[in-house]
Amino acid sequence: MNSKLDETGNLWTLTEVFENNYFSIPDYQRGYAWTKKEVSALLEDVEGLYNTTHIHFTGTIVIAKNVNQFNSYDIVDGQQRMTTLVILIAQLLKNITNNELKNKYSQLFIRRGEYGNERDVFVLNQETKNFFDSWIIENEEDLFEVKLKSHLNIKNAKIEINDWLKSQYENNISYEYIFEVILNNLGFLVYSPNNDSEIGIMFEVINNRGKPLSDLEKIKNYFIYYSTKINRVKLQKEVNTKWAKLLENLNDSGKITEEDEKNFLRYCTVVYFRFSKTKSHSAYESLKKLFPINKLDLSKENIDKKFEQIKNFLEFLLKSSKWYAALYSKNSLNRPANISKELEYLRSQNTHASIMPLYFALMARNNSNSDIVKRHLKLIEILNFRVYIARKITSRSDAGQGPLFDMASKYYYDYNTSEWKHEMISGEITSNIDEWLEDSLMQFINKYSPINKFKDSFLIDEDDYFDFYRWGGIRYFLMNYEEYKLSKKTIDIEKILQKVSEGQSGDYYSLEHIFATKYRIDKDEHEPKYNKWLKRRLGNFILLELSINIQASDKKLSEKIQIYTGKNSDQMQSELFQPNRVKRLYIENKLIEDDLDLYKKIIETIENEYIQFAVNRWSLDNFIKGK
């Protein structure tokens with residue numbers, strides 16, 4: 001930096017930090033991650049400095065000198081705060097009318113140099129640079145759409161800052177005054193490490209404090225940093241190029257929380273590196289041990305090996321992110337038409353943790369081009385429902401995951417690596433890897449969820465206080481039943497997956513109690529145990545359009561039937577099979593004098609139909625050889 005900033009222990013204003021200097025965010029840093037909470041806190045700090053003269057400590061900036069360019073520095077720490085301040089300054093520059101000040105501050109913070117050779121003062125990493133330049137610097141929002149989480153964060157920061165600036169203006173705080181506060185009252189402690197080893201230590205410390213990074217972000221940073229340590233520039237470019245597309249795919253899938261990213265990484269390392277369940281839960285630490293920076297073996301043989309390992313793993317991550325999007329987004333361009341139905345069934349299941357490595361291995365090996373993929377997807381769907389969705393099948397939600405994860409890795413590698421050959425020759429795996437997988441999956445299903453146990457999972461006795469309303473798989477189950485009964489009608493999965501809180505339309509498929517929870521046959525203070533049991537049983541539940549369900553509410557069955565069939569002119573009739581089936585059963589049995597007996601008859605009839613349907617729908621008969 002300039003000579004003044006070579007002094008240490010002092011707080012520097014933003015003007016002093018930027019004067020004559022250029023900054024960039026290295027590619028091993030995460031994209032812009034601040035949310036409304038952090039942006040609002042910074043704006044409150046600025047407000048708190050109105051009518052004061054002291055310099056307020058705002059944060060530490062850690063920089064590393066870029067030896068290739070004069071007065072140019074990589075921001076090792078502090079990029080989120082610095083980026084937010086540049087966004088704030090860019091919005092202020094759009095609003096101030098004093099052209100002399102506008103030109104002065106634009107050259108200080110945005111772009112400077114002789115005409116035709118201007119240079120950007122603040123450059124973000126590859127993940128966000130083009131989007132940031134378009135939305136913030138050039139104010140051309142139509143050129144780049146939001147594709148990544150970091151893009152969305154930049155967009156939201158801009159909105160939050162503009163709303164705040166508007167409120168300040170309405171309170172008679174001028175934009176020029178806000179500029180003065182930002183330039184003169186915010187103070188920074190600036191530190192520059194002396195050597196690469198010190199930067200490496202700080203890299204680890206910074207990665208594990210402040211706003212937490214996801215393991216996926218840490219690994220991207222680590223791989224880029226690792227590529228510089230082994231002097232493989234090509235690898236750094238590979239990481240950047242593939243990571244940008246990987247993040248687009250994850251954004252397409254809608255799986256962008258830190259927990260989503262951690263799970264995605266876990267599934268990938270289970271297949272590619274054969275990580276155990278324990279190792280996969282701490283994938284970042286496990287990968288650092290595979291690719292250590294301390295005591296790095298710089299022999300050409302080792303570097304070439306590590307280079308290939310990372311390169312191939314990046315390719316697998318990218319493929320897996322593509323299939324992640326294909327699974328979770330029905331409109332994704334990554335979803336092939338020939339397996340769209342199978343993917344839609346999987347998507348609408350309420351849990352995927354145990355089968356996802358198998359899914360990644362299957363798709364990475366076959367790329368959806370063969371009929372065997374369709375067949376395997378159907379079998380995986382059966383496994384997931386019978387073992388992990390049906391109630392009381394396993395004592396733990398992760399039971400059997402170890403063997404399934406091992407199966408996924410074996411299937412992915414097949415004959416391509418020598419480490420599996422011994423097992424195959426010894427007979428553990430047949431000569432046909434797809435036959436082996438199918439046999440293994442069927443054995444797994446029969447071990448954990450034999451057909452009688454599966455049938456029993458749909459029954460509860462009077463002393464079992466489980467309520468099928470709380471069963472995570474009930475919407476999926478009833479959707480399949482509805483589709484089976486109305487085979488010519490395509491069920492809109494979105495009407496099953498939406499939640500009440502999402503403001504869905506009135507034809508959203510909600511859960512309806514035939515025997516309403518608040519409808520009382522017995523008017524005594526305490527409802528009989530038997531009645532409560534009937535209300536909890538699987539046969540008491542059907543799918544019903546939300547608008548009709550709201551009208552039916554807690555009414556008795558005779559009134560519900562009128563509502564299901566739209567007898568009143570202002571009511572619509574349900575188009576679903578299940579409420580119309582209840583109507584037919586009501587007509588067949590309405591001569592029964594006791595209301596409770598009527599409910600019992602209908603609920604038990606539907607329950608038996610449901611169980612018989614389940615046995616047929618999730619049967620393994622179609623996978624038994626010779627059938």
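Just so you know, these numbers use all the heavy atoms, side chains as well, and skip hydrogens, waters and symmetry mates. Quick caveat: nothing in here was measured; it's all calculated off a predicted structure.
Asp260 and Thr257 share a side-chain donor-acceptor pair at under 3.5 Å. Side-chain contact annotation: Asp252 with Tyr324, donor-acceptor N/O pair under 3.5 Å absent. No hydrogens or angles considered: nothing links the side chains of Tyr267 and His352 as a donor-acceptor pair under 3.5 Å. Under the 3.5 Å distance criterion, with hydrogens and angles disregarded, a donor-acceptor pair is assigned to the side chains of Glu512 and Tyr564.
Counted within 6.0 Å of NZ on Lys453, heavy atoms from surrounding residues, nucleotides or ligands total more than 12; the atom is thus considered enclosed.
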Assess the residue pair Lys255 and Glu261 against the criterion (salt bridge (Lys or Arg N to Asp or Glu O under 4.0 Å)); give the C-alpha distance rounded to whole Å, side-chain angles, the decisive distance to 0.1 Å, and a yes or no. CA-CA 7 Å; Lys255 297 288 185 178; Glu261 291 182 359; over 6 Å; no

Trace of the salt bridge (Lys or Arg N to Asp or Glu O under 4.0 Å) decision for Glu285 with Lys288: CA-CA 5 Å; Glu285 296 300 328; Lys288 284 202 303 179; 3.6 Å; yes

Pair Lys277, Asp406 - check salt bridge (Lys or Arg N to Asp or Glu O under 4.0 Å), show working. CA-CA 10 Å; Lys277 283 169 47 176; Asp406 187 53; over 6 Å; no

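Nearest heavy-atom pair, Ala408 versus Leu358, reported as atom, atom and distance to 0.1 Å: CB-N, 3.6 Å.
Under the 4.0 Å criterion applied to side-chain N and carboxylate O atoms, Arg375 and Glu438 are assigned as salt-bridge partners. In summary, Glu141 and Lys158 engage in a salt bridge, as defined by a charged side-chain N under 4.0 Å from a carboxylate O. Salt bridge status for Glu217 with Lys220: absent, with no side-chain N to carboxylate O gap under 4.0 Å.
Cation-pi geometry between Arg347 and Tyr328 is not met at under 6.0 angstrom from the ring centre and within 45 degrees of the axis. The cationic atom of Arg365 (NZ for Lys, CZ for Arg) does not lie both less than 6.0 Å from the six-membered ring centre of Tyr412 and within 45° of the ring axis. Taking the ring centre of Phe468 as origin, the terminal cationic atom of Arg391 falls inside the region bounded by 6.0 Å and 45° from the ring axis. Because its NZ or CZ atom is both nearer than 6.0 Å to the ring centre of Tyr345 and within 45° of the ring axis, Arg617 counts as a cation-pi partner of that residue. At least one test fails for Arg475 against the ring of Phe477: distance under 6.0 Å to the centre or angle within 45° of the axis. Taking the ring centre of Phe131 as origin, the terminal cationic atom of Lys147 falls outside the region bounded by 6.0 Å and 45° from the ring axis.
Partners of Lys447 by side-chain contact (heavy atoms from CB on, under 4.5 Å), not counting sequence neighbours: none found.
When each of Lys322, Lys242, Lys245 is checked for a salt bridge (Lys or Arg N to Asp or Glu O under 4.0 Å) with Glu315, only Lys242 meets the rule.
A centroid separation of 6.0 Å or more is found between the aromatic rings of Tyr32 and Phe132.
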